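Worksheet: the structure to be examined is printed underneath.
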Amino acid sequence: MAEENWRERLRTWLAEHPPPPEAHTDVAAAQRYQAQLHDAGYAGLTWPKEWGGQGLGAVEAQAFAEESAAADLPTRPFMIGMGMTGPTLVDLGTPEQKRRYLPPLLRGEEIWCQLFSEPGAGSDVASLRTRAVREPDGSWVLSGQKVWTSNAQWADVAAVLARTDPDKPKHGGITMFVLDMRQPGVTVRPLVDMTGHAPFNEVYLDEARVPADGVLGEVDGGWRAATTMLGHERVSISGMRQRRGRGVTSAALTELAQRRDVAGDPLVRDRLADLYAHERVLELFTDRMRQETAAGVPVGARGSVGKLAGALLAHRGVEVAGHVAGADAVAWEVSDDGEGPGDDLALGIASAPAASIAGGTNEIQRSIIGERVLGLPREPAADRDRPFRDAPTGEVDRAAGSHV
Amino acid sequence: MAEENWRERLRTWLAEHPPPPEAHTDVAAAQRYQAQLHDAGYAGLTWPKEWGGQGLGAVEAQAFAEESAAADLPTRPFMIGMGMTGPTLVDLGTPEQKRRYLPPLLRGEEIWCQLFSEPGAGSDVASLRTRAVREPDGSWVLSGQKVWTSNAQWADVAAVLARTDPDKPKHGGITMFVLDMRQPGVTVRPLVDMTGHAPFNEVYLDEARVPADGVLGEVDGGWRAATTMLGHERVSISGMRQRRGRGVTSAALTELAQRRDVAGDPLVRDRLADLYAHERVLELFTDRMRQETAAGVPVGARGSVGKLAGALLAHRGVEVAGHVAGADAVAWEVSDDGEGPGDDLALGIASAPAASIAGGTNEIQRSIIGERVLGLPREPAADRDRPFRDAPTGEVDRAAGSHV
Amino acid sequence: MQLVPTSEQDELRSAVRALLDKQAPRAVRATVDDGAGYDRDLWRRLGTELGVLGLAVPEELGGAGAGHVERAILAEELGRALLPSPFLGSAVLATDLLVGLDDRSGLLGALGSGERMAAVAGVLGPAGDVSVSGGGLRGSAGPVVDATDADDLLVVVDGVVHHLDATGPGVVRTPLRSLDPTRRHARVDLDGAAATRLGSLDSDALQRVRDLATVAIAAEQTGVMGAAVDRTVAYVSDRVQFGRVIGSYQAVKHGCADMYASTEQAVSAVRAAAWAADHDPDALPLPAAVARVFVGPAAFAVTNSMVQYHGGIGYTWEHDAHLFYKRAKSDELLSGPPGAARARLAELMKV
Amino acid sequence: MQLVPTSEQDELRSAVRALLDKQAPRAVRATVDDGAGYDRDLWRRLGTELGVLGLAVPEELGGAGAGHVERAILAEELGRALLPSPFLGSAVLATDLLVGLDDRSGLLGALGSGERMAAVAGVLGPAGDVSVSGGGLRGSAGPVVDATDADDLLVVVDGVVHHLDATGPGVVRTPLRSLDPTRRHARVDLDGAAATRLGSLDSDALQRVRDLATVAIAAEQTGVMGAAVDRTVAYVSDRVQFGRVIGSYQAVKHGCADMYASTEQAVSAVRAAAWAADHDPDALPLPAAVARVFVGPAAFAVTNSMVQYHGGIGYTWEHDAHLFYKRAKSDELLSGPPGAARARLAELMKV
C-alpha cells in the first residue's frame, strides 16, 4: 500500500517534471535537474537520511528503476558518484567525509570520477604504480598516470588509488584517496577510442595534493575499498554500452531490414530472431537478478554472467548487422546535418569490443564466475606475495607506442 | 621421370591387385594383402632397405598416398605399426630389435598396438603409473592398466610405457618396452564408447613379462621415445575419425537434404555451403602441409592446426546435421537388415566429441600451437621437477565410478 | 512477472529431486543398457506419492491445480535425472490436450496418478497420414514420442482428438531406434483401430498445446544443463593433470563459466515462459518461442562441453555424459530444426 | 595444385614488404588521422620501382605476365600493411576489366605504372541507375570503391564498359563516410558526362572479373589476418598482468592458437583459388567462392581477437588494432552479406 502510494507520487512527479532535453548534453543542466530530483526526495533512495539520503528500501529502489526507465533521466554525470564512490563513502568514509561529500554528491553539485586503471594496470588493477608520498604534515603528494576515466572532464572530485608502500605485496600497499580534481597537479586529456569518439580520459597526476583527512578507509587498505567499489562498476558500464550499441540491436536491425526490404529474407529473419532471443533472455536474467536482490539474495559474482552475456550479445549484434546491412555497412552518404544512415551501425560495430574489455574483460568475467561462483581454484599467481617493487608488472616498452 | 615411371607401375599394380572386400572386416585377410603389398615393394617406402623397407623418398611416399587413396587399402590394423611404433624402432631400436620386429611389421605378420594412456593419465601422459620392476635376471615385470588402445584385440606386440623410477621427476622415470601381447599377464577388454561401439580396448597388465632386451631406447629414457611416437599419432587418429563421421559431412548431408526435399531451403543451403567451405579449406591446408613436407619443410607442431580444425569441423557437421535432418535425427525406423537412415547420422553425432578428445584434446592442441608454433610461454606446472611419487596425479576416486 | 521461485516451489523441487536422486540412476541404466521400458513403479510413485503428474491440471478436472511454473520444475528435475519416462507424451501432450478439451472421461485422473501412460500423435512432429475411415482409424504416424510404453493413444486428425487403447486390435507399435537412449519413440500403424472421439480443438488451442510442450521441453533442457554444469564442475575439481586440478586451467574454467552463464540465462527464459503460461496465456507464444530458440542450442553446447571436460571418461558409454549430450540434441530437434524455431519467433516478432 | 610459393614468389613478397614496412605506417596515419588521400607517390613506386601493379596483366598488354598467385601476394602484403590505396579499384577491378577487353588504349599501362588510378562502377556492389543518354552517361552509382582518388572511371552498363575522365565535366564524386578509414569510397553522379565506349563483356567474363576480385580481397584479408596474429603474439608476449606475461594464460594463448589456425587455413584457401585463377580458370568459381565463404568471417574473428587481446590499448584510436578490425569487417561485406556468399557457393556445389 505504502509502496503503491509512493510509486504513484513518483509517477506523478516524473510526469510533471520531465528532464529538459538539454540536460543530456549540458552538464550544468543535468546538475540542476539532479538538484530538483533530490529536493523532491528521489535521490539517494537507499542511503541513510543523515547524509542526505532517503533511508528507503530495495522495494522503492526497484519501483524507482521501473518508473524512471521511460523518463530517460540525465544521470550519466552522476552514475559513478551514485553507483560507486557514494556507496563506498557510506561504507568506509569518516563522519566528516560523509558530511562533506555525500550531500553535494546526491544533489549533483559535485561530480565524481574514479581513478583506478593505469596504462600498466588493466585487468590487474592492483599492479598500479601511481605513487602517494606522505609529507611531514600528514598530507599526501600523488604522481602517476590514470586511464579510461569517464567523467574526468567535468569531475570535481575523484576516488583515486595510489601505492603508498611498494615494499608490501601488491594488494597490501595501496591506499584510496579523495582527490580534488580542480588543482594544478591534475591534467585531464580526452582519450579517443576506436569509435573516433572520446568518452574517456587520461588523467595525469603531477604532485597532486591530498590533505591528511583525504584517505578513504585505511592507509594501505585501499584494495578492500577498491573491491567494494569495483563490484558496482559492471552495472554502470553496461548502461553506457547499450546506448552506443543501439545500432546493432534487434529492434534497430529489424527496422533496417524493413527499410532495406530484406525482412522477407529467411536468413535475415533467422539471424534477427536469434539476436532477439539472446537480448530478451539477457533482460530476463537481469530481471531475475533484480528480483533476487529485492528478495534478499545478493547477486554477487553472478553479476559477471550479465556482463559476459552483454559482451557476447554486442558481438552477436555485429554479426547480425552484417547479414542485414551487407555492403550498406561499408560506406554511406552523409546528409547535410552531418549524419548518415550507417553512423549508428558503425558506432555499434566499433564499440562492440568495449563490451568485452571495459569494466573487466570477458576473460576476467569468466575467471570470476569460475572461481567465485563455481568454486574452481585460482590460477597460480607469481606475484601475489612478493614485495611490489620486485614483482613483474604490466609496463610495455613505451617506445613501441603502447600505453595501456 | 623416374618418379613418373614408379608411379605408373604402382598404378598398374594397384589396378591389378585391388584389396579383397573382406580385408576390411577380416584381419587375417588384411594381413595377407599387406604381405602382397610388401612383396611388390610398396610397404615401408621410406624405411631403410636393410630392415625390409624400400629406401625411397618423400616424393614416392606422396605419390603412394595419392595413388592409393582411391583404392581404400585395408591399412587399419597396421596403422599404428607403420605410422608410430615402426618409425620409432627405426630411430631408437637396437639392430637386433629392428631385425626382429621390422620385417614382420611391414609384411603385416605382426600387428602392433600402443599402450600409453591410463585412467589417471589422459592429456598428461607422463603421469602414468603402470610399474615396471627389474628382476635379478635383467628382465622386467609390468603391472598396471592402460586404456584407449586401438588394435589391442588383435595385436601381437605392444609398445608400452611404464614407470621404472618413481623417485625421478615424472618425465625422467619412464621407460618404453616392447611387450609380447600373447602372454597370460595381458588381458584385453573392449571399451564401449559413447557411440555404443567398441573400437578401443582397456588392457590390464598383471605381472606381464618383458625380457631384458625388450627396452626400446634407454632405461628411464622413455619420454623421449614417447614424444617421437606421439608426433605421429594425430595423423592416424584423424583418418579413423573421418570414417565414423561420414554421416555429418557436407556430401552426406547434401544428399540427405535432397532426399528430405529441403535442399531448396535457403537456411539449409547456407549451412551446407558453410560446412563444405570448412571441409574444403581443411583439405587444402592438409594438402599444403603435405607439399611443404615434400619440399623439405617439416610440418612439426603445425600438424595441430589440422587436428584442431578437424575436431571443430566434426562439431560443425553435427550442427548442420540438425538443420538438415530436423526431427529425423531424433528417431528412425530400422529396416530388416538392422540398419536405419539415422544410423550414420547418429554415429556422426555421437562420435564428434572423439575428434576433440582422442589423440590430444582441443585444449592440448591449442597449447601446442600457442607454445611450439607461436612461442608463447608454458603454463606454470607444479609437478615438473618433483619426484613422481610426491606429485599430485590424475586419480579420481574410484568409488565415484570414474576410471579415466 | 515472477522469476524467483516461492518456498512452496522450492519444496516441490526438493521432494522430486530426493526421489529421483535415489531411484533414477537405476532406471536410467535399465533402459540404456538393458533396453528396459519406462519404470512404471517409479512413475506411479511420482503420480501418487508426490502427486506431481497433474500439477498443471485444474482442480475441477482432478488435478493439483498448481500450474505450469510447477510443472516446469518437475520437468527440470526429470531432465536433470534423465529419467526415461512418458513425461512428454503423457504428462504434457496428452494431459494438455485433455485439459484443452475439458475432458472428464477419467483418463486425466489415470494419467495424473501414473496408473496409465499415454502418447499423442499428430501434434508434435510429422502429421503422418492417419484418417478416419468407417468407425476406426487407419494410417501411420511417427515417430510418436513415448508411444512404445503407452497404454493410451490420442491421435489428432484435423483438430479432432481420438482416443485409442494402445494395446487394442488394429494398433501396431514399432519401436524406433533413437539418438537418445533414454527416450523411446515408436511408429504407430492403425488398421481400422477402434477410437473414441473426445472432441476437437481449433488451431489456437492446438498451438497452445504446442507452446506448453515447448515450455516443458525447454524446462527439461535447463535440468539437463544444470546437471551438466554440476557434474562437470565436480569432475574438474577432482581431476588432476600436469600437477593441478584441471578446473584451475583457464581453458576448462572459462568453459565451465560459459556453461554456467548459458544455463542461468536459460533458466530465466524458462521461468518467464512458464509464468506466462499461467498468468498471461495470450502472451505465451512469444516467451515460449524465445525459450526454444535460446535453450535448444545452448543446452547442446553445454552438454558438449560436459563431454569435452570429462575427457576420455566422458566419451565412454559407461559414463552418463553422453546421455546428457544425446538428450540435449534430441530435445533440440524434437519439434524440428532450429531454423523452424527461429522462423516462428521471427513471425511472432513481426519482422 | 601448387600451394607452396616458389622462391621467386618469396622474393616478390620480401620486396613489397620491405617497401611497405618503411612507407606504409606514415601513409596509413595520414589517411586515418588527417583524411589525406591515397599516397600517389608510394603507389607510383609500387608501379615503377617494384613493378607489381600489373602482375596479372599479360606481357602482350604491357604487364608483368606473372599471374594471380603473384597478385595475391601483393594483395596480402597490402592488407598486412593496411595501405590506403586504389589496389581494389585500379589494380584489380579496372585492370581485370581492361584485360578482359584486351584493351590496348594505353590505360592499362598507366594503371600498371601507378601513373593513374582508376575505379569501377557497376561490377561490385549495387548497380546504380546509370544509363547511356545521348553522347554521355547519366545517373548515379555508389558506393564506388576508390572513386574518390581516381583519375579514371570505368562504368559498366549492361555489359558495356565506358571510360570517363573522373575529373571531367558532368562527373561529380561525393566522398562517403566509411566503416574502414583506410579505404575511400564515393558516390558518383553523372550528368551527361562524356564517355568512351571500350567494349563489352558477357556475363561469364564479368563473373570472372568478380571472381578475380574475390580472390584479391580474400588475399588481402589473409594479410590482415597474418598481421593480426603477429602483432597480437608480440603484444601478449610482452604484456604482464598478475605477475605473468598474458600470453602464458590459456584464455589468451588458446585464443592466439585459434587465430593462427584460422589464418593458416585461410592462406591455404587463397593459394588454391589464386592457383586456379592462373592454371585452371574454368574451375575458378568454386575455389573463389570457398575462399570468400571461409575467409570473410574468419578474418573478422581474428581481428576481433586482436582487439580483445590488446585490451584497453587495442580499443584506442591511436593503436592500429581497430583498423584491422574495420578492414576485416568492411572486406567481409564489400560484395554483400555473408549469406550471399554462401548462397553462391551452394549454387556452385549444386545443392
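Labels below follow one simple rule: chain letters A, B, ... track the order of the sequence lines, proteins then strands, and each chain is numbered from 1. If you're wondering where the values come from, they're calculated on a predicted model, not measured in any experiment.
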Between C:L176, C:D331, C:V145, the one whose heavy-atom pairs under 4.5 Å with chain B are most numerous: C:L176
Part of C:Y315 within contact of chain B (heavy atom distance under 4.5 Å): both
Nearest non-hydrogen partners of B:S127 and C:Q241, listed with the distance: OG-NE2, 4.2 Å
Contact origin within B:A325 toward chain C - heavy atom pairs under 4.5 Å: neither
Any residue of residues 340-349 of chain B which, by heavy atoms, sits under 4.5 Å from chain C: B:G340, B:D343, B:A346, B:I349
Side chain, backbone, both or neither of C:T174 within contact of chain B (heavy atoms, under 4.5 Å): neither
Worked check of side-chain contact (heavy atoms from CB on, under 4.5 Å) between B:T361 and C:Y309: CA-CA 9 Å; B:T361 61; C:Y309 300 138; over 6 Å; no
Enclosure of B:D337 CG (heavy-atom neighbours >12, cutoff 6.0 Å): yes
Gap between atom NZ of C:K329 and atom CD of B:E319 - 0.5 Å precision: 7.0 Å
Engaged part of C:R183 at the chain B interface, taking heavy atoms whose separation is under 4.5 Å: neither
Part of B:V318 lying under 4.5 Å from any heavy atom of chain C: both
Heavy-atom closest contact (B:D124 atom, C:G243 atom, distance): OD2-N, 4.2 Å
Toward chain C, the part of B:S367 with a non-hydrogen atom under 4.5 Å: neither
Most chain C-contacting option - heavy-atom pairs closer than 4.5 Å, from B:G326, B:G196, B:A126: B:G326
Any donor-acceptor N/O pair, C:R177 side chain to B:G338 backbone, under 3.5 Å: yes
Chain C contact via B:H315 - side chain, backbone, both or neither, heavy atoms under 4.5 Å: side chain
Part of C:P143 lying under 4.5 Å from any heavy atom of chain B: side chain
Heavy-atom closest pair, residues B:N362 and C:Q308: N-NE2, 3.9 Å
Partner chain B: residue of C:K326, C:R184, C:Q250, C:R342 with the largest heavy-atom pair count (under 4.5 Å): C:K326
Residue B:D261 excluded, over 12 heavy atoms near CG under 6.0 Å: no
Residue C:E347 excluded, over 12 heavy atoms near CD under 6.0 Å: no
Minimal non-hydrogen separation, B:H323 against C:P337, with atom names: O-CB, 3.7 Å
Contacting moiety of B:V334, where chain C heavy atoms sit under 4.5 Å: side chain
Heavy-atom closest pair, residues C:G339 and B:L267: CA-CD1, 4.0 Å
Closest non-hydrogen atom pair between B:I357 and C:G312, with its separation: CG2-N, 3.8 Å
Stepwise side-chain contact (heavy atoms from CB on, under 4.5 Å) check, C:Y249 with B:E379: CA-CA 9 Å; C:Y249 291 101; B:E379 195 75 13; 3.7 Å; yes
